[in-house]
Each structure stands twice: as structure tokens, then as C-alpha cells.
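The figures here come from the full heavy-atom set of this structure, side chains too, leaving out hydrogens, waters and symmetry mates.
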Amino acid sequence: MRRRQKPPLPKRHGLDPARLRLPDEGSWATIRDHLVERLPRVAPARIDELLAEGGIVDLDGPIAPDAPYVPGGAVWFHRDLPQETEVPFRITIVHRDEHLLVIDKPHFLSTIPRGRHILQTALVRLRRELELPDLVPAHRLDRATAGLVLFVITPAQRGAYQKLFGERRVRKEYEAIARYDPDLSLPRTVHSRIIKERNIIRAFEVPGEPNAETRVDLLDQRGGLGRYRLRPHTGRTHQLRVHMNGLGIPILGDDFFPVLTERPIDDFTRPLQLLAATLEFADPVTRAARRFETTRTLQAWTDPAGWSAGLPPEPHRDN
């Protein structure tokens, strides 16, 4: 396996610098000219500032503002960070050992940096707070979903744990709160074909051979609400949300289904009532049986009036 090239810049805020490979062919006179064309969202004046302050480097060090273009070379720099709203919820550590870190992620916190969410992500927070610069996730939860996420501490073991998830050798259980429908026959296994197209925010079902499978059980019901256990056999984008919506019982707090609703970035009320509750697998390194359980609950079940009113949940406490 090809070893990843070590960046010539240190991490900043727990983040590696961006790496840009320079194309083998091109008519740019300078690296600066290429970057202006390559990075249209970055103002040319900002590129000039970075070059002047030595913020864009190659393996030999800072690049001069008039440095000639080098086909096939590479440059590194730290991207400017977006303005972010702090996510006011804690990350709970469920387990930590030599190789693994298992956390309980709160709602509204992305697993990894993406788009408008960089510092306010689980990965960056954990790298900084725990001083674990090489930490990486073995899988991910979307921003709206709370619950268990497994991170790998030891770089040499990343592939083994990530392969577990890629090969579907991890048994996952989720909890969800949705409307109770007495006419819906449960338990049942839902099969459908789900696709996610680029630049379309929601996944959706289409006719054809199924590629998504979810087992749905009703655990309890009261006050017109049901508490459901969801066991996905596959891991398609938005699979649990799509399947629950298809059953006519969309998950409470879902901004995607059945209607796409735009939520302000600083609105932390009425979170999606979906929780990654259990992870279970045979450890590929130690061979031990592993089972991790969430320490969280879903507000619409424990405090339905408060959830409906948009009140903040009670502070989460570690067990």
C-alpha cells in the first residue's frame, strides 16, 4: 500500500493542511497564477497574502510569490476557516483503550469537517481536547443523528477497524421516536432501492433491485408515539429516515422527510429523534467480543412536552 506523504506543515486546530497536486500539463507561468484559477472561491488578494506570509509551501519550504509553475508538484496550505456557531452540547466518552475511542455524539455535531462545519465537529474537538492528532473515525454519523461513533487512535490499526464497517461486520441498533400507527404491522423487514445523487440533498427510493434493508421493531408506545428499534443490514445514505418515512411514520424532528425544511444553523431545538444505540463486533486486533451501548436518551420519549415546545434537553451526564 502506498504510504501517504507527510505534510510539510503541522496540523492547525487539529486539521491537516490542504494538499493540491499541480497538474502535469498547463500553461501557467507561476504557481500563483495556477492557484488563482484553481481556487475560484478564494480571492486573489488572499492568495497573495498567503504567499507573502509564507503560508503556501512545498517540500522545500515557503513558495515565493513569483515562483515558477512546476508540473506534477504539490503545495500545501491551511484553508481559512468559516465562521461557525458553537454547538452547545458535550461529547461523552464511552470507551477508550490503546486502539479505540468510542464516543456518544450529540445531535447537531458533524462527525468530520465538511462545508460550514470545521472546528465544530467531533473529530476536531476530540483531536484538540484529547491531544490525539492522529485520531480518525472508523465510520460516521450524520450531523442530525446522535449516538455511538468509533474512532481509531493507532494509525497502524485504521484499516482493520474501517474494514469492519465497510464489510458490514458490525451489528448496529438504532432507536427512533415516531408516530404510533396501530394499523402498521411490526416487526417487519423493509427492502427498497435507495439512491443519493450528487448535488441533491436527500436520498430517495426508486424502482429496481433492493440495495437497502432495515429491520423495524416496535419497542413501546404511549401518548400516540412509538419507540422503535431499527437494525440496518446495509448502510445507504439516509436509509433509516427513508424507510421510516416510507412506512408512514417519519422520525420526529426530521428536516428531510417527508418535507425538506430549511433549519437555521443556530437552531438546536427539536433534534431528529434518531439515536445510534448499540455497536457490536469481533475486534479485528484483539479478537475480543465488543459491545458498546449509548448513554443517551431521546427527548421526545423522555420529555415529549419539552421536545414539542422546543425546550433544550436536560444536560447529558456521563454514566
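Side-chain atoms of Thr30 and Asp66 include no donor-acceptor pair closer than 3.5 Å.
Not one N or O on the side chain of Glu173 forms a donor-acceptor pair closer than 3.5 Å with the backbone of Arg229. Panel note: side chain Gln273, backbone Ala300; a donor-acceptor pair is recorded below 3.5 Å. Panel note: side chain Arg179, backbone Gly248; a donor-acceptor pair is recorded below 3.5 Å. In terms of modelled atom types and a separation under 3.5 Å, the side chain of Arg215 and the main chain of His233 share no donor-acceptor contact. Panel note: side chain Ser110, backbone Thr121; no donor-acceptor pair is recorded below 3.5 Å. In this structure a side-chain-to-backbone donor-acceptor pair under 3.5 Å is missing from Arg21 to Ala74. Looking only at distances, a side-chain donor or acceptor of Arg296 sits under 3.5 Å from a matching main-chain atom of Asp104. The backbone N or O of Phe257 lies less than 3.5 Å from no partner atom in the side chain of Asn245, so there is not a single donor-acceptor pair. Counting only distance, with no hydrogens or angles, the side chain of Gln239 and the backbone of Pro232 share no donor-acceptor pair below 3.5 Å. Listed for the Ser308 side chain is no donor-acceptor partner under 3.5 Å among the backbone atoms of Ala305.
Closest of all the heavy-atom pairs between Leu225 and Ile177 is CD1-CG2, 4.2 Å. For Pro62 against Gly54, the heavy-atom pair with the smallest separation is CB-CA, 3.9 Å. Across Thr278 and Arg291, no two heavy atoms sit closer than the pair CG2-NH1, 3.4 Å. Of all non-hydrogen atoms in Leu51 and Ala64, the two that sit nearest each other are CD2-O, 4.4 Å. Between Leu130 and Leu101, the shortest heavy-atom distance links the atoms CD1-CD2, 3.7 Å. Summarising the geometry of Pro155 relative to Asp134, their closest heavy-atom pair is CG-CB, 3.7 Å, with the distance given to 0.1 Å.
In this structure, the separation between CZ on Arg19 and CZ on Phe77 is 12.0 Å, given to the nearest 0.5 Å. Taking CG of Asn211 as the reference point, atom CD of Glu205 lies at 9.5 Å (rounded to 0.5 Å). Taken to the nearest 0.5 Å, the CD1 atom of Ile31 stands 4.0 Å off from the CD1 atom of Ile63. In this structure, CD in Gln299 is found 9.5 Å from OG1 in Thr269, a value given to the nearest 0.5 Å. Separation of atoms CG (Leu279) and CZ (Arg171) is listed at 10.5 Å; rounding is to 0.5 Å. Between atom NE2 of residue His243 and atom NE2 of residue His191 there is a gap of 8.5 Å, rounded to the nearest 0.5 Å.
Cluster membership for Val152 and Ile93, using ILVMFWY side-chain heavy atoms within less than 4.5 angstrom, is not shared. Both Leu218 and Ile251 are assigned to one and the same hydrophobic cluster, defined by single-linkage of ILVMFWY side chains at heavy-atom distances under 4.5 Å. Val57 and Leu35 sit in two unconnected hydrophobic clusters of ILVMFWY residues. Membership requires side-chain heavy atoms under 4.5 Å apart, directly or through other members. Taken together through direct or relayed side-chain contacts under 4.5 Å among Ile, Leu, Val, Met, Phe, Trp and Tyr, Ile103 and Tyr174 form part of one hydrophobic cluster. Under the 4.5 Å side-chain heavy-atom criterion for grouping Ile, Leu, Val, Met, Phe, Trp and Tyr, Leu272 is not connected to Val242 through any hydrophobic cluster.
Considering only heavy atoms from C-beta on, Leu252 stays 4.5 Å or farther from Leu298 through its side chain. Side-chain atoms of Leu274 and Leu230, non-hydrogen and from C-beta on, do get closer than 4.5 Å to each other. Side-chain contact between Leu164 and Leu150 is absent, with no heavy-atom pair separated by less than 4.5 Å. Val136 has its side chain within reach of Arg127: a pair of non-hydrogen atoms, C-beta onward, lies under 4.5 Å apart. At least one side-chain heavy atom of His139 sits less than 4.5 Å from a side-chain heavy atom of Val149. At least one side-chain heavy atom of Arg46 sits less than 4.5 Å from a side-chain heavy atom of Asp80. Within the 4.5 Å cutoff, the side chain of Phe204 has heavy atoms near those of the Ile195 side chain. When side chains are defined from C-beta on, Pro113 counts as touching Leu123, because their heavy atoms get closer than 4.5 Å.
Using cut-offs of 30° and 60° for the angle between ring planes, the Trp28 and His34 rings count as perpendicular. Taking the six-membered ring where tryptophan is involved, the planes of Phe268 and Phe108 are perpendicular, since the angle between them exceeds 60° and thus also 30°.
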Starting from the C-alpha separation in whole Å, work towards a yes-or-no answer on side chain to side chain contact (heavy atoms under 4.5 Å, CB included) for Thr214 and Met244. CA-CA 9 Å; Thr214 306; Met244 289 292 281; over 6 Å; no
Using the rule given for side chain to side chain contact (heavy atoms under 4.5 Å, CB included), can you reason through Leu100 versus Val285, listing the C-alpha separation, both sets of side-chain angles and the distance that settles it, and then say yes or no? CA-CA 10 Å; Leu100 296 182; Val285 176; over 6 Å; no
Dump the intermediate steps for side chain to side chain contact (heavy atoms under 4.5 Å, CB included) on Phe151 and Leu132, then the final yes or no. CA-CA 11 Å; Phe151 289 81; Leu132 293 173; over 6 Å; no
Applying side chain to side chain contact (heavy atoms under 4.5 Å, CB included), run through Leu15 and Leu81 and close with a yes or a no. CA-CA 11 Å; Leu15 294 170; Leu81 298 176; 4.2 Å; yes
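Using a cut-off of 4.0 Å between Lys/Arg side-chain N and Asp/Glu carboxylate O, Asp283 and Arg290 are scored as salt-bridged.
Under the side-chain contact (heavy atoms from CB on, under 4.5 Å) rule, Val87 has a single partner from His107, Gln120, His117, which is Gln120. Each of Arg263, Arg270, Arg241 was evaluated against Asp254; a single residue qualifies, Arg241, per the salt bridge (Lys or Arg N to Asp or Glu O under 4.0 Å) test.
Under a cut-off of 6.0 angstrom, the local environment of NZ in Lys163 is sparse, with at most 12 non-hydrogen atoms contributed by other residues, nucleotides or ligands. A 6.0 Å sphere centred on CD of Glu53 holds more than 12 heavy atoms belonging to other residues, nucleotides or ligands. Shown here is Arg193, whose CZ atom has more than 12 heavy atoms of other residues, nucleotides or ligands within 6.0 Å. No more than 12 heavy atoms of other residues, nucleotides or ligands shown are found within 6.0 angstrom of CZ on Arg79. Around the CD atom of Glu167, the shell of radius 6.0 Å holds more than 12 heavy atoms that belong to other residues, nucleotides or ligands.
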